[in-house]
Amino acid sequence: MFKEANNLSMKVAWFDAEDWEKEYLEDKEYDLEIDFFEESLNSETVELAEGYDAVAVFVSSDVNGEVLDSLDADLVACRSTGFDHVDTEKAREQGIDVCNVPYYGANTVAEHTFGLILALSRKIYSAIRKVDEGDFDHEGLRGFDLEGKKLGVVGTGSIGKHVIQMANGFGMDVIASDPKPDHEAAEELGFMYVSNEDLFRQSDIITLHCPLVEQTEHLLSEEEFDLMDGTVLVNTARGGLIDTEALIEALEKDQVKSAGLDVLEEECFLEDDIGYLSEMEDECDPKTILEDHILIDREDVLITPHNAFNSIEALQRITDTTLDNLENRKNVVNGF
Ligand code: NAI
């Protein structure tokens, strides 16, 4: 037990617990009795949840039907926006509420997006590597200014709009595409909506901020890359928005000059490298995994490990919302 609580407090099993979470929660006021478990919640560890009123889990947990069958809890609090690691349908049938954290940091992902844009425009990674090797020569390190360049933003939801605000600070000219345009935002932030086709044709830098759904899968493939001529491409949304094979081809043909990717079409091999989610191996396509490795090895591609969300403040906001969800049963995603 972590905090002294009254007899009526809800008992919570907090899985995937990290030290910083325990420290952060030490200074927080809440009326919950929380026990922390480093383990993820899954079929092997579900016994740990015996006798608890609620469980709090990260995406590394696998709250499948078998787990739900054994749970005493009637609330699963996901410490994430996504909840595809929980069988929400089965939970609903069993009267178990599942809640999520719908918003925690559009600025966080937007800042990472600009991190990638600047790393590419000013060749920051190559520059640092050169100096690490004791080489202070400027050879190969000439970049380009962002001021005056055309930024194409695909998807003007919360993250896209934050990116546009930041682009304005750099003096960039912004165009955007979205099937549900926000004309008020366009007026306020001074950007123009165009078709995807015009955006791909006109942009110096393209950045993706739309969800991966059936209609957006391989939004960028050969046909779209054919519209580009030396574009810089940034993707902090989802890997499946880009046809990886077509991207490699577009880089070869200089249709895409360079790319900054926080997400890849298949991320399971990366997960394996850091030691979890290996059970996803069967679901991953080996051809795409190989293509991802080709991208990783390229000098003109910078890749970060799906890390755009990972700031102190964003994670604290996730924790705060989770406490609120647990105490007040908010953000239930599988409502009756
Ligand atoms: P949002 O729902 O606020 O905005 C998404 C926008 O994309 C909406 O305005 C929607 O109308 C638009 N859209 C849908 N289909 C489109 C299309 N075909 N072309 C252009 N626009 C289209 O979502 P938010 O919060 O801005 O997040 C965007 C994406 O960022 C998420 O779907 C998620 O995949 C990704 N993300 C990545 C993270 C990371 O760590 N790398 C963290 C959080 C989100």
Side-chain angles (χ1 to χ4, degrees), residues 58-60 78-85 100-117 119 151-167 174-186 188-189 191-203 205-221 223-224 227 233-243 259-267 270-271 274 277 292 302-318 321 331 333:
F58 190 54
V59 292
S60 27
C78 297
R79 306 203 300 283
S80 55
T81 305
F83 43 85
D84 43 278
H85 52 298
N100 77 334
V101 181
Y103 172 91
Y104 59 86
N107 67 299
T108 309
V109 180
E111 286 173 24
H112 192 85
T113 302
F114 259 92
L116 287 171
I117 292 176
L151 179 71
V153 178
V154 180
T156 53
S158 16
I159 297 172
K161 283 202 272 271
H162 273 82
V163 166
I164 294 170
Q165 266 173 350
M166 292 174 196
V174 180
I175 53 176
S177 67
D178 197 309
K180 292 187 185 149
D182 181 344
H183 295 294
E184 216 172 287
E188 199 183 309
L189 297 173
F191 67 90
M192 201 170 75
Y193 279 107
V194 297
S195 65
N196 268 346
E197 193 175 296
D198 283 343
L199 185 144
F200 299 146
R201 228 188 269 282
Q202 294 174 20
S203 305
I205 301 172
I206 294 170
T207 182
L208 305 181
H209 302 291
C210 60
L212 175 62
V213 288
E214 216 180 314
Q215 299 88 319
T216 59
E217 194 175 351
H218 287 186
L219 182 74
L220 293 188
S221 58
E223 201 181 319
E224 289 74 30
L227 302 171
L233 176 64
V234 173
N235 186 10
T236 56
R238 283 293 179 267
L241 295 173
I242 299 177
D243 177 339
L261 311 171
D262 185 50
V263 285
L264 293 170
E265 221 177 329
E266 295 285 7
E267 292 175 6
L270 291 176
E271 307 278 19
I274 55 172
L277 288 187
D292 283 342
L302 297 181
I303 296 175
T304 50
H306 201 145
N307 198 45
F309 72 96
N310 194 8
S311 75
I312 294 167
E313 293 78 3
L315 292 173
Q316 289 177 348
R317 283 190 289 263
I318 289 176
T321 306
N331 296 310
V333 292

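Each ligand, and each atom within it, is numbered from 1 in the order the structure gives.
- Looking only at distances, no side-chain donor or acceptor of Tyr104 sits under 3.5 Å from a matching main-chain atom of Glu313.
- Not a single heavy atom of Gln215 sits closer than 4.0 Å to an atom of ligand 1.
- Atoms OG and CZ, on Ser177 and Phe200 in that order, are 6.0 Å from each other to the nearest 0.5 Å.
- Nearest protein heavy-atom neighbour of atom 40 (O) of ligand 1: Phe309 N, 3.2 Å.
- Residue His209 approaches ligand 1 through these ligand atoms, each under 4.0 Å from one of its heavy atoms: 5 (C), 6 (C), 7 (O), 28 (C).
- At distances below 3.5 Å, not a single donor-acceptor pair connects side-chain atoms of Asn196 with backbone N or O atoms of Leu199.
- When atom types are taken as modelled, the side chain of Asn100 and the backbone of Phe83 share no donor-acceptor pair closer than 3.5 angstrom.
- Evaluated by nearest non-hydrogen atom to atom 23 (O) of ligand 1, the leading choice among Gly105, Ser158, Ala110 is Ser158.
- The N/O atoms of Thr236, backbone and side chain alike, include one that comes under 3.5 Å of an N/O atom in ligand 1.
- A donor atom on one side chain and an acceptor atom on the other are not found under 3.5 Å apart for Glu111 and His162.
- Only the side chain of Asp262 comes within 4.0 Å of ligand 1, judged by heavy-atom distances.
- Here the heavy atom of the protein found nearest to atom 18 (N) of ligand 1 is Thr216 CG2, 3.4 Å.
- The closest side-chain heavy-atom distance from Ile175 to Asp198 is not below 4.5 Å.
- With hydrogens left out, the protein atom closest to atom 22 (C) of ligand 1 is Pro179 CD, 3.2 Å, a heavy atom.
- Distances shorter than 4.0 angstrom do not occur between any heavy atom of Leu212 and any atom of ligand 1.
- By the criterion of a heavy-atom distance under 4.0 Å, the side chain of Tyr104, and not its backbone, is placed next to ligand 1.
- Here the options are Asn307, Thr236, Thr304, Asn107, the test is side-chain hydrogen bond (donor to acceptor under 3.5 Å, both in side chains), and the partner is His112; only Thr304 passes.
- Under the 4.0 angstrom criterion, atom 2 (O) of ligand 1 counts as lacking any protein heavy-atom contact.
- The atoms of ligand 1 that sit less than 4.0 Å from any heavy atom of Ala308 are 39 (C), 40 (O), 41 (N).
- The shortest N/O to N/O separation between Asp178 and ligand 1 falls below 3.5 Å.
- Protein heavy atom at the shortest distance from atom 42 (C) of ligand 1 is Val109 CG2, 3.5 Å.
- Within ligand 1, counting atoms from 1 as listed, the ones closer than 4.0 Å to a heavy atom of Val154 are 19 (N), 20 (C).
- Listed by number with element, the atoms of ligand 1 under 4.0 angstrom from any heavy atom of His306 are 39 (C), 40 (O), 41 (N).
- Of the protein's heavy atoms, none falls inside 4.0 Å of atom 31 (C) of ligand 1.
- Take Arg317 and apply the salt bridge (charged side-chain N to carboxylate O under 4.0 Å, His left out) test, not counting sequence neighbours, and it matches no residue.
- You'll find the ring centres of His85 and Phe58 outside the 6.0 Å limit.
- Put simply, the side chain of Tyr103 does not reach to within 4.5 Å of the side chain of Thr81, judged on heavy atoms.
- Residue Ile159 approaches ligand 1 through these ligand atoms, each under 4.0 Å from one of its heavy atoms: 24 (P), 25 (O), 26 (O), 27 (O), 28 (C), 30 (O), 44 (C).
- To the nearest 0.5 Å, atoms CD1 (Ile242) and CD (Glu217) are separated by 12.5 Å.
- Residue Leu151 is tested with Val163, Ile206, Val234 for a side-chain contact (heavy atoms from CB on, under 4.5 Å); the sole match is Val163.
- In this structure, of Gly157, Pro211, Ala106, the residue bringing a heavy atom nearest to atom 14 (C) of ligand 1 is Pro211.
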